[in-house]
2 protein chains.
Amino acid sequence: MTGAMTGTDLARLRELNSLSVVRALRGQPPATVTELAQRTGLSRPSVDVMVQGLIAEEWVTIVEPTGSIVGRPARRYQFRASAGHVLGVDIGGHKVLAMIADLDGTAVHSVRHPVAPDADPSTRLEAVDAAIAEALEYTKIHPADIWAITVGVTGPVDASGRTTLFTPLPGWSSVNPVEHLGRRFSCPIQVENDCKLAAVAERWHGVAQDADDIVYVLAGMRTGAGLIIDGTLRRGFGGAAGEIGALRAVRWLDAPSHLQGCPGVPESVGPDDAAAWVFAAARAGDPAAKTAVRRYTKDLAVGTAALVLTLDPQVVVIGGGFSRSADLISDVLRRELERLCLRVPEIRASTLGDESVALGALRLALDEVDLRLFGAGLSAPVAPRRAS
Amino acid sequence: MTGAMTGTDLARLRELNSLSVVRALRGQPPATVTELAQRTGLSRPSVDVMVQGLIAEEWVTIVEPTGSIVGRPARRYQFRASAGHVLGVDIGGHKVLAMIADLDGTAVHSVRHPVAPDADPSTRLEAVDAAIAEALEYTKIHPADIWAITVGVTGPVDASGRTTLFTPLPGWSSVNPVEHLGRRFSCPIQVENDCKLAAVAERWHGVAQDADDIVYVLAGMRTGAGLIIDGTLRRGFGGAAGEIGALRAVRWLDAPSHLQGCPGVPESVGPDDAAAWVFAAARAGDPAAKTAVRRYTKDLAVGTAALVLTLDPQVVVIGGGFSRSADLISDVLRRELERLCLRVPEIRASTLGDESVALGALRLALDEVDLRLFGAGLSAPVAPRRAS
DNA sequence: TAGAGTTCGTAAAGACTACAGCGATATTCG
DNA sequence: CGAATATCGCTGTAGTCTTTACGAACTCTA
């Protein structure tokens with residue numbers, strides 16, 4: 001089926017087992033040789049040889065024996081998660097957020113810079129560069145030790161990493177983030193849509209960790225969607241999967257206007273805070289606000305129903321700025337979906353806040369690293385190393 | 001990530017290489033040891049050992065040397081595709097179609113029985129049993145030598161193989177095909193939606209062999225869809241993926257009525273043939289017929305646009321009874337999609353005819369067999385054998 | 001404090017696999 | 001009929017994992 005008729009060599013066998021040990025070690029507390037032997041199914045002497053090799057290549061460190069119950073205390077071995085790092089960047093309308101994580105996926109530092117929504121591309125890119133530089137500075141990590149970068153932007157992303165079709169960021173359609181970052185970094189760099197990244201984050205650390213089929217709906221001043229099918233993020237052939245909002249019959253573009261245009265919003269409240277005010281008023285019982293929220297949710301439900309009917313997911317996750325008010329939205333949304341769909345999935349509200357896009361970017365960057373380490377199966381036991 | 005921390009054994013190595021040889025042999029003309037050595041990357045002596053083993057287990061047969069160019073003529077080895085067979089069944093409204101294929105996927109026989117659309121479930125099941133029995137009879141294949149069965153039915157299929165949500169076949173929602181066939185066959189039996197199977201067939205032997213992201217639209221007296229994403233059929237969490245037609249704003253349920261209710265259809269033409277008459281008239285230039293076709297296509301386009309925007313596929317395949325008139329539909333459909341979508345995929349018309357569902361069923365059954373043979377990677381080098 | 005019990009670390013022997021190389025064999029070509 | 005060519009079958013070598021065994025290190029108990 002696939003092109004690679006891989007006949008397996010003896011040397012490859014050792015590589016496979018070495019990787020097997022690494023997998024058994026990753027993201028786990030320090031383990032003894034016997035524990036690893038049980039996990040991998042290999043014999044103790046074998047595992048020992050593998051571990052010695054991994055120590056020589058600096059993938060693994062020794063933790064000297066702590067107190068044990070009985071018998072000779074065992075040396076414990078630990079995956080050296082700090083062998084490499086990945087970078088996740090969220091380039092949003094109001095802010096830029098750069099996060100750094102080690103190979104275990106634990107975030108070690110993050111830097112946030114505010115950006116004006118109408119800032120031109122060069123200003124925005126300067127904020128990005130500054131945030132990245134500060135994060136590297138603080139963590140004392142050299143750019144060459146960043147193994148993968150993922151960048152989140154708004155709008156559908158094409159294969160080259162640009163958002164030529166459409167983006168709400170002014171002037172951004174002519175920007176090529178891969179090229180820009182490529183001057184400073186020589187690792188793989190990918191750009192991805194923010195909704196898609198948020199969906200990935202929900203499956204990684206959010207409310208949908210148990211699900212393999214997820215529809216993530218961004219409910220905020222913008223409305224969008226990200227799809228995870230069979231445990232994998234789906235981009236579509238042209239990177240435009242989930243853009244159901246482009247269908248005019250789906251009123252996603254105008255949906256937030258129900259909130260902004262709600263009668264009774266005081267003059268003093270700016271346009272960006274109007275929605276929050278309406279949700280607060282609705283929770284307090286204001287009839288006009290309640291109507292506005294209901295109308296908004298009904299519009300949101302039409303597009304959601306189209307996604308649900310198409311994909312029949314296990315979970316719908318409500319994210320974005322309005323997810324804090326999910327208690328007001330969920331019930332109406334569920335009723336509408338029951339009316340429109342064959343089978344209604346679970347509805348859950350995101351709790352990740354505005355770090356979700358950067359988190360998803362980290363996860364995708366880690367996936368990229370994993371692919372090169374454990375990946376294609378060809379010839380890569382150990383991998384990307386740069387002479388410091 | 002996955003549970004199986006599989007440490008690889010020496011015996012497993014031999015299994016892997018044996019499978020590698022089988023893969024290099026499958027669906028190919030008889031090959032020599034040297035050819036196999038090149039394809040698998042293994043050495044000649046190694047391949048020879050593998051092949052001897054496979055011959056002993058009757059997976060492979062020897063073809064005695066035919067004329068060669070020069071040098072000692074090499075024995076050629078051939079995968080014994082007739083070692084097992086799979087069964088694909090299409091249970092449709094008007095007909096029942098049973099097909100048998102060998103392990104290479106070449107269809108060896110098919111039997112078709114007409115069924116009245118309003119036939120009750122027991123009558124339909126009798127037709128199914130008869131078709132299967134005749135196919136086995138003709139090919140002299142024993143039921144125990146059928147290694148997998150896939151059945152296609154209309155309506156969304158749940159995990160147990162029933163169509164409890166909805167089906168146009170009268171009384172069928174209470175039928176459990178897996179249980180029914182399980183009395184006669186002990187192999188894996190799966191039931192799948194007909195649109196989904198047709199989609200699989202298009203990627204296997206139809207017009208979408210080059211694509212990994214496919215939206216298949218069934219355009220006929222019924223309207224439906226099947227989705228292939230990243231090369232794999234997507235069922236959805238509850239098996240109801242692609243059922244966008246359930247959305248009332250998508251006028252798929254009533255779309256064919258534009259054709260049936262077209263003014264000018266002669267009394268003599270029955271309701272089943274009205275659509276064909278309208279297409280013929282439209283091709284001849286009849287204005288009323290052309291309007292009817294345009295209206296039908298516009299309704300078809302709304303749901304298709306929702307699918308396309310959600311998934312951003314490479315190809316949209318038009319199948320079903322109306323695909324013979326795709327020349328009348330394609331242009332209008334493309335124009336509508338250009339109006340509604342961000343990026344318009346290729347539109348292709350199916351040429352598989354009414355065997356597509358049974359073909360897709362065969363492919364899924366073969367996939368099931370492959371999974372057990374090459375599959376999960378645990379301990380299965382050779383596999384399902386029944387003492388005859 | 002000494003000995004028993006337990007577990008770890010490491011070394012040697014055994015079994016199996018794949019690979020490289022060589023002579024024997026079978027066919028075609030001149 | 002001999003030369004050329006390519007396959008076939010066999011033997012020895014290198015590499016890997018496993019099993020077995022024994023010394024080392026620590027805890028518990030008397």
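Naming: A, B, ... by sequence-line order, numbering from 1 per chain.
If you take CE of Met50(A) and C1' of dG9(C), they are 17 Å apart, rounded to a whole angstrom. Distance CD (Glu15(A)) to P (dC17(D)): 11 Å, rounded to an integer number of Å. Distance CZ (Arg12(A)) to P (dA14(D)): 24 Å, rounded to an integer number of Å. Rounded to whole Å, atom P of dG15(D) lies 12 Å from atom CZ of Arg14(A). In this structure, Arg44(B) atom CZ and dT11(D) atom P are separated by 18 Å, rounded to whole Å. In this structure, the CG atom of Leu13(B) is 14 Å from the C1' atom of dA15(C), given to the nearest Å. As rounded to whole Å, 18 Å separates atom P of dC16(C) from atom CG of Leu16(B). Between the CG atom of Asp48(A) and the C1' atom of dA12(C) there is a distance of 15 Å, rounded to whole Å.
In this structure, the side chain of Glu58(A) does not engage the main chain of Ile55(A) through any donor-acceptor pair within 3.5 Å.
Using a 4.5 Å heavy-atom cutoff, the side chains of His85(B) and Val108(B) are in contact. With contacts defined as side-chain heavy-atom distances shorter than 4.5 Å, the pair Glu35(B)/Gln28(B) does not qualify. For the pair Val178(B) and Ser160(B), the minimum side-chain heavy-atom distance is 4.5 Å or more.
For the pair Arg75(A) and dT10(C), the criterion of a side-chain N or O lying under 4.0 Å from OP1 or OP2 is met. Not one side-chain nitrogen or oxygen of Ser43(A) sits closer than 4.0 Å to the OP1 or OP2 atom of dT19(D). Note on Asn17(A): a side-chain N or O is less than 4.0 Å away from OP1 or OP2 of dC17(D).
Asp9(B) comes within 4.0 angstrom of no nucleic acid atom, judged by non-hydrogen atoms across all strands. Across all strands, Ser46(A) comes closer than 4.0 Å to base atoms (heavy-atom distances). Counting any heavy atom pair closer than 4.0 Å across all strands shown, Thr34(A) reaches sugar-phosphate atoms only and no base atom.
Ion pairing of Asp367(A) with Arg363(A) is present here, as a side-chain N (NZ or NE/NH1/NH2) and a carboxylate O approach within less than 4.0 Å.
Of all nucleotides listed (dG15(D), dT10(C), dC19(C)), dG15(D) comes nearest to the side chain of Leu10(A). When the nucleotides dT20(D), dC26(D), dA26(C) are ranked by their closest atom to the side chain of Pro73(B), dA26(C) comes out on top. When distances are taken from the side chain of Ala74(A) to each of dA18(C), dG9(C), dG21(C), the shortest belongs to dG9(C). Checked against dC19(C), dT17(C), dT5(D), the side chain of Val70(B) finds its nearest nucleotide in dT5(D).
Taking only distance into account, the side chain of Arg72(A) meets the base of dC8(C) through a donor-acceptor pair shorter than 3.5 Å.
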